[in-house]
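Report on the structure given below.
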Amino acid sequence: EAAIEISGLEKTYAGGKVALHGIDLTIPRGSIFGLLGPNGAGKSTTINILAGLVNKTGGKARIWGFDIDEHGRNAKRSIGVVPQEIIFDAFFTPFETLELQAGLFGIAKAQRRTMELLRAVRLEDKAHAYSRTLSGGMKRRLLVAKALVHNPPVLVLDEPTAGVDIELRALLWEYVRELNAGGTTVVLTTHYLEEAEALCDRIAIINHGRVVANADTRSLLADA
Ligand code: ADP
Ligand code: ADP
């Protein structure tokens with residue numbers, strides 16, 4: 001069974017913009033999978049459909065074997081999504097942000113898990129600081145922790161290093177590799193070939209709402 005299985009996925013936004021023209025994609029369990037493509041290709045739309053944030057207009061998707069229509073709750077529990085934009089309630093501390101997220105997933109007594117995650121993303125010193133006092137890089141790390149609260153087998157990162165400095169990029173890459181070594185399937189979108197090449201064992205290229213290539217990284221680059 002695949003981590004993610006997408007078939008004939010379509011999205012037409014209200015207003016008529018066709019963002020996805022029937023995408024087929026299989027993401028193997030245990031991989032670091034890159035969704036590569038230029039701006040406007042349909043990467044975020046694909047991810048947002050998997051995250052349950054955007055409704056598809058056609059096709060099928062399964063996450064960890066759960067159909068997103070028929071078993072939406074289980075599908076949602078199987079995936080954590082780090083969004084591209086930083087959106088937070090500025091009046092909560094990182095600790096509170098993670099506790100609230102745990103509550104949404106029905107996880108009781110989340111203190112230990114919360115501190116463990118804050119340590120993992122090196123935010124333990126900021127556990128009780130207001131989120132509005134965090135730097136951009138700290139907020140991004142908090143978003144990663146937030147996506148992992150319910151311990152999903154699949155982590156999806158939307159353009160994780162866009163607008164990020166070299167140091168944070170290195171930290172995020174290292175953390176992605178660590179998570180993957182621990183068994184998490186990682187999917188990331190990027191428009192940097194270099195990033196996909198460095199991190200991913202398999203790459204799909206999306207353009208104009210279609211998958212135009214899908215191969216293991218080495219053979220994809222050999223053909224390029
Ligand atoms: P990517 O993440 O690859 O940059 P997106 O999935 O964000 O691409 O966008 C795919 C296409 O859908 C683009 O043409 C974009 O302008 C359009 N689009 C994205 N979101 C919306 C929306 N909410 N309403 C209308 N069109 C949208
Ligand atoms: P419910 O299914 O209980 O209505 P929502 O879908 O409204 O829950 O999600 C509640 C909150 O959790 C939202 O802020 C949403 O962005 C976030 N969320 C839901 N699923 C995930 C996920 N898989 N990864 C990260 N955040 C998620």
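Starting from 1, each residue takes its place in the sequence as its number. Every value quoted in this text rests on a predicted model; they were computed, and no experiment measured them. As the structure lists them, so they are numbered: ligands from 1, and atoms in each ligand from 1.
- With values rounded to the nearest 0.5 angstrom, L104 atom CG is found 5.0 Å from Q101 atom CD.
- Relative ring orientation between F95 and H128 is described as tilted, the plane-to-plane angle lying within the 30° to 60° band.
- Rounding to the nearest 0.5 Å places CZ of F33 at 9.0 Å from OG1 of T217.
- Residue-level contacts of ligand 1 at the 4.0 Å heavy-atom threshold are Y13, K17, A19, P38, N39, G40, A41, G42, K43, S44, T45.
- The shortest side-chain heavy-atom distance between L98 and K146 falls under the 4.5 Å cut-off.
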Check against salt bridge (charged side-chain N to carboxylate O under 4.0 Å, His left out), D158 and K43: CA-CA 8 Å; D158 197 0; K43 304 182 297 293; over 6 Å; no

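- Every pair passing side-chain hydrogen bond (donor to acceptor under 3.5 Å, both in side chains) that includes a residue from residues 196-207 is listed here, sequence neighbours excluded: R202-N214.
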